[in-house]
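Heavy atoms only: backbone and side chains are in, while hydrogens, waters and symmetry mates are out. It should be emphasised that the depicted structure is a prediction, and the values quoted were computed from it without experimental measurement.
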Amino acid sequence: MKIRLLNENLASDLCWLAEYGFSAWIEYGDTNILFDTGWSDVWRRNAETAHIDLDKVDVIALSHFHSDHSRGLLFHSFTQKKKLVLHPRVKTALLDPFIEPVDRHLPHKYAEIEQKISADFQVVEAQNPLEFAPGAFFLGQIPRVTPFERGYYYEDPMDDDTALAFRTESGAVVVTGCSHSGICNICTYAKEVTGQDLYAVIGGFHLVNQEKPAVNETIEWFRTEKIPHLLPVHCVSFDIQARLQTEFGYERPGAGSLIEL
């Protein structure tokens, strides 16, 4: 299994571009998956640098509706309508003019993303877990089970926030977009859906200081799970990232990084 980070907040080397957001190209057996597309065309330009033929994608999946994960779809160059898996709330949220917090002033309209999705893709809505390839799961709506995670983004319950999970010989691999639903909630559900213990967790963990996350409890939860590969990126404040790296001893990947499991 291979995961190429097509976008992330930080670049891994000089030849890669980066912006605030997330996108990953995942090769799982014979299935190619594009998970999120960041905010602009950075994911496409990094795919060109990595010599990835994006037209060979089998499934596109969105972790949630926020533009730093979905707006990159405006810049696609697919020659055919591709399958796009998302939670049903994504499209309704994109059409809601009042859903952004009042202190956000973003230079785009969410409705433009919804229009592109409806016009250019074969949309598959999944609120429940969907096995889109043997052993590969779109998790759907994440149950909130941990007592220390809010599972909200400010006042938005983020029912659409989800992740991907994969069965492997070594255990479950989880790829997250932003984890608004709670990274430990996501991992707990991934274990249930795959029937495996966790082998790797990669992606946005949404541990940002502005939202006062339960960092100590999250670290203790991961300690208990003893996950061999823990690679948080994107939405993790620098001081929290430093704590996680000190605790779990990983090298932080960035845009362009190739992760082989």
Side-chain angles (χ1 to χ4, degrees), residues 3-12 16 18-26 33-40 42-43 46 60-73 86-87 90 93 104 138-139 141-142 144 146 149-154 156 158-166 172-190 198 200-215 218-219 221-222 227 229-245 248 250-257 259:
I3 302 169
R4 174 78 73 174
L5 297 187
L6 296 182
N7 184 48
E8 201 275 307
N9 299 23
L10 303 177
S12 64
W16 307 102
E19 67 180 359
Y20 190 91
F22 185 78
S23 178
W25 176 265
I26 303 168
I33 305 124
L34 175 63
F35 185 47
D36 287 350
T37 58
W39 194 82
S40 72
V42 162
W43 65 282
N46 280 338
I60 304 167
L62 287 182
S63 63
H64 63 302
F65 79 93
H66 284 168
S67 57
D68 55 326
H69 296 256
S70 65
R71 187 176 179 270
L73 289 172
L86 44 75
H87 186 283
V90 167
R104 297 289 292 279
F138 178 86
L139 291 179
Q141 193 157 325
I142 305 297
R144 273 58 166 178
T146 58
E149 292 181 310
R150 287 186 70 236
Y152 271 58
Y153 176 65
Y154 293 96
D156 187 338
M158 295 301 299
D159 290 339
D160 55 308
D161 182 77
T162 190
L164 303 181
F166 302 88
V173 173
V174 181
V175 185
T176 66
C178 216
S179 301
H180 292 291
S181 52
I183 184 61
C184 301
N185 285 328
I186 289 171
C187 290
T188 299
Y189 198 43
L198 299 169
V201 184
I202 301 156
F205 282 25
H206 206 74
L207 298 171
V208 294
N209 287 322
Q210 295 94 318
E211 296 184 50
K212 298 180 174 60
V215 179
T218 301
I219 288 175
W221 192 91
F222 281 125
I227 303 166
H229 300 282
L230 196 66
L231 296 173
V233 296
H234 177 40
C235 46
V236 180
S237 293
F238 284 110
D239 58 323
I240 299 174
Q241 180 73 253
R243 285 191 62 187
L244 291 170
Q245 284 184 278
F248 299 107
Y250 57 86
E251 182 176 347
R252 185 195 191 284
S257 290
I259 302 161

Any donor-acceptor N/O pair, [X] side chain to [Y] backbone, under 3.5 Å:
| X | Y | value |
| --- | --- | --- |
| N7 | E19 | yes |
| N185 | T146 | yes |
| T176 | F205 | no |
| D160 | S63 | no |

Looking at side-chain heavy atoms only, is the closest gap between [X] and [Y] below 4.5 Å?
| X | Y | result |
| --- | --- | --- |
| W43 | L73 | no |
| S12 | L5 | no |
| I26 | F166 | yes |
| L207 | C235 | no |
| S23 | L34 | yes |
| F35 | F22 | yes |
| R252 | L10 | yes |
| H64 | C178 | yes |

>> For T188, give me all partners under side chain to side chain contact (heavy atoms under 4.5 Å, CB included), at least two apart in sequence or on another chain.
In response: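 Counting only residues at least two positions away or on another chain, T188 forms a side chain to side chain contact (heavy atoms under 4.5 Å, CB included) with V145, W221.
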
Which heavy atom in [X] sits nearest to a heavy atom in [Y], and how many Å separate them?
| X | Y | result |
| --- | --- | --- |
| E8 | G254 | OE1-CA, 3.5 Å |
| G256 | W16 | CA-CD2, 3.3 Å |
| V208 | V236 | CG1-N, 4.3 Å |
| I3 | A24 | CG2-CB, 4.1 Å |
| A190 | V174 | CB-CG2, 3.5 Å |

>> Walk me through whether D239 and N209 qualify under side chain to side chain donor-acceptor pair (under 3.5 Å).
In response: CA-CA 9 Å; D239 58 323; N209 287 322; 2.9 Å; yes

Reported [atom1]-to-[atom2] distance for the pair [X] and [Y], which is rounded to 0.5 angstrom:
| X | Y | atom1 | atom2 | answer |
| --- | --- | --- | --- | --- |
| E149 | S181 | CD | OG | 8.0 Å |
| C187 | I142 | SG | CD1 | 9.5 Å |
| R150 | M158 | CZ | CE | 12.0 Å |
| I240 | Q245 | CD1 | CD | 12.5 Å |
| Y152 | E211 | OH | CD | 13.0 Å |
| I227 | F222 | CD1 | CZ | 5.0 Å |

> ring pair (Phe, Tyr, Trp, His ring centres under 6.0 Å) with H66: which of W39, Y20, Y153?
Replying inline: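 Single pass found, and it is Y153.
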
>> I'd like to know whether T218 forms a side chain to side chain contact (heavy atoms under 4.5 Å, CB included) with I183, so could you lay out the CA-CA distance, the side-chain angles of the two residues, the decisive distance to 0.1 Å, and finally the verdict.
In response: CA-CA 8 Å; T218 301; I183 184 61; 4.1 Å; yes

>> Do H234 and D68 pair up side chain to side chain, a donor and an acceptor below 3.5 Å, judged on atom types alone?
In response: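 Side chains of H234 and D68: pair found under 3.5 Å.
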
>> Go through it in stages, so that I can follow the logic: the residues are W25 and I33, the test is side chain to side chain contact (heavy atoms under 4.5 Å, CB included), and I'd like the CA-CA distance, side-chain angles, deciding distance and then a yes or no.
In response: CA-CA 6 Å; W25 176 265; I33 305 124; over 6 Å; no

My understanding is that only residues two or more places apart in sequence, or in another chain, count here; which of them pass side chain to side chain donor-acceptor pair (under 3.5 Å) with [X]?
| X | value |
| --- | --- |
| Q241 | Y250 |
| D156 | R89 |
| R243 | N216 |

>> If the test is side chain to side chain contact (heavy atoms under 4.5 Å, CB included), which one of T162, V201, L139 qualifies with I186?
In response: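 Single pass found, and it is L139.
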
>> Can you list everything that forms a ring-ring contact (aromatic ring centres under 6.0 Å, His included) with Y189? Sequence neighbours excluded, please.
In response: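 Per chain and number, Y189 pairs via ring-ring contact (aromatic ring centres under 6.0 Å, His included) with no residue.
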
> Under the ring-ring contact (aromatic ring centres under 6.0 Å, His included) test, which residues partner F248, sequence neighbours left out?
Replying inline: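 So F248 forms no ring-ring contact (aromatic ring centres under 6.0 Å, His included) with any residue.
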
>> Working note: H69 + D36, criterion side chain to side chain donor-acceptor pair (under 3.5 Å); need CA distance, chi angles, decisive distance, verdict.
In response: CA-CA 5 Å; H69 296 256; D36 287 350; 2.7 Å; yes

